[in-house]
Amino acid sequence: MHQFLGAGLALLLAAGLPLSPPADAAAQGRVYTIIAAGDIASCSYATDSRTAALVGQQSGTVVVLGDNAYTRGSAAQYRNCYGPTWGRFLARTRPVPGNHEYQTPGASGYFGYFGAPAGSPHRSWYAYNRGSWRIYALNSNCTEIGGCWVGSRQQRWLAADLRAHPHRCVLAYWHHPYFSSGYHGNDSITRGLWKTLHAAHAEIVLNGHDHDYERFRPQDWRGQLEPTRGIREFVVGTGGTSLRPFEEIQANSQVRNRTAHGVLRLRLHEGMYRWRFLSIGGSFTDSGTTSCH
């Protein structure tokens, strides 16, 4: 029996598929860790090596939020810039692409580097479980993939998967933030994804794109404060590239920092989560605890 189980596990690993934990793992008190950041690696900076050192101190799933290898996400930039830094965690990384990835046609550098866990150019979104949590990795390069609006292929898949896999706690991540006080500001292109997740009572959305850290109060897709069932958004574009100042401060923006590179650590418990921003040298932190809806 153990030989057969081992063979099955080997097949899953060879296929590059994410492994779902036992259904009762969270009920037994297990805590799952997510370490997230975007806008990461460049051969012109050393900061990505220092944020990689922070990641190396943490166990758990590494979530990269796009613009992972500057400036074009080419195969060479993934190999030479991302590989020696965050590439050390490839086996436990669950990525999404940013706009810089698509400066290489079809984001071929991205898909070639991450392989099966990134999906394919034709379906570059996927989901996986961590205990009682359902987690969605989505693609916000909407013009490249046929749209993100209600009725688009990705949105229809998301809605169907939320129905087919009901979980009390839901987390989603992609590159372009729907709400942001940073250089790029709000980006309504992902409104359809936000509306779908909000209707399903999702807890968290993680984004990059703006080179700063920002945490919002729970809000609905209209940007209205909604403490009891809104989505809390984190912008974590602090993975290594140069940081930028904030522009117009958006409603419900609660915590902001544009001087500290670092990563966001999420501890996913049964029915609740804890967050902490870990910065290089401990120059800035942000932390808290919230129950799922």
Verify the cluster assignment for [X] and [Y]: are they in a single hydrophobic cluster under the rule of side-chain heavy atoms below 4.5 Å apart?
| X | Y | result |
| --- | --- | --- |
| V263 | L266 | no |
| V63 | I231 | no |
| W174 | F216 | yes |
| W157 | V205 | yes |
| V236 | F246 | no |

Sidechain-backbone polar pair: [X] side chain, [Y] backbone, donor-acceptor under 3.5 Å:
| X | Y | value |
| --- | --- | --- |
| D48 | S42 | yes |
| R229 | H198 | yes |
| Y110 | P95 | yes |
| R156 | G151 | yes |
| T51 | G240 | no |
| D210 | G237 | no |
| S124 | P121 | no |
| S74 | G109 | no |
| T104 | R72 | yes |
| H293 | T228 | yes |

Trace of the side-chain contact (heavy atoms from CB on, under 4.5 Å) decision for D212 with Y183: CA-CA 9 Å; D212 54 53; Y183 175 81; over 6 Å; no
Do [X] and [Y] get their side chains close enough for a donor-acceptor pair, meaning under 3.5 Å?
| X | Y | result |
| --- | --- | --- |
| Y78 | N68 | yes |
| Y102 | N139 | yes |
| W275 | D286 | yes |
| N141 | H175 | no |
| S181 | R256 | no |

Pair L243-H261, side-chain contact (heavy atoms from CB on, under 4.5 Å): steps then yes or no: CA-CA 8 Å; L243 302 176; H261 288 90; 3.6 Å; yes
Work out which heavy atom in [X] is nearest to a heavy atom in [Y]; give both atom names and the distance.
| X | Y | answer |
| --- | --- | --- |
| T93 | P117 | O-CB, 4.4 Å |
| G262 | T238 | O-OG1, 2.8 Å |
| G239 | A37 | CA-CB, 3.9 Å |
| G192 | V150 | CA-CG2, 3.9 Å |
| A41 | T85 | CB-OG1, 4.1 Å |
| S253 | I249 | CB-CG2, 4.2 Å |

If you measure from [atom1] on [X] to [atom2] on [Y], what distance do you get to the nearest 0.5 Å?
| X | Y | atom1 | atom2 | result |
| --- | --- | --- | --- | --- |
| H201 | C169 | NE2 | SG | 12.5 Å |
| L278 | I35 | CG | CD1 | 9.0 Å |
| T241 | H211 | OG1 | NE2 | 5.0 Å |
| Q58 | R265 | CD | CZ | 5.0 Å |
| H209 | N99 | NE2 | CG | 5.0 Å |
| Q103 | Q77 | CD | CD | 9.0 Å |

Kindly state whether the ring of [X] and the ring of [Y] have centres lying under 6.0 angstrom apart.
| X | Y | answer |
| --- | --- | --- |
| Y178 | W221 | no |
| F114 | Y82 | yes |
| F234 | F277 | no |
| H100 | Y70 | yes |

Within 6.0 angstrom of R92 CZ, more than 12 heavy atoms from elsewhere: yes
Greater than 12 external heavy atoms within 6.0 Å of F89's CZ: yes
Using a 4.5 Å cut-off on heavy atoms from C-beta on, say whether the side chain of [Y] contacts that of [X].
| X | Y | result |
| --- | --- | --- |
| I135 | R94 | no |
| S132 | R168 | no |
| C292 | W133 | yes |
| V64 | W86 | yes |
| R123 | Q154 | no |
| E101 | D67 | yes |
| Q254 | R232 | yes |
| V96 | L138 | no |

Candidate pair Y32 and N129, rule side-chain contact (heavy atoms from CB on, under 4.5 Å), full reasoning: CA-CA 10 Å; Y32 297 86; N129 295 335; over 6 Å; no
Stacked cation flag R134 on Y136, 6.0 angstrom / 45 deg: yes
Residue from L264, I204, L268 passing side chain to side chain contact (heavy atoms under 4.5 Å, CB included) with I34: L268
Trace of the side-chain contact (heavy atoms from CB on, under 4.5 Å) decision for R191 with W149: CA-CA 7 Å; R191 179 179 295 139; W149 55 81; over 6 Å; no
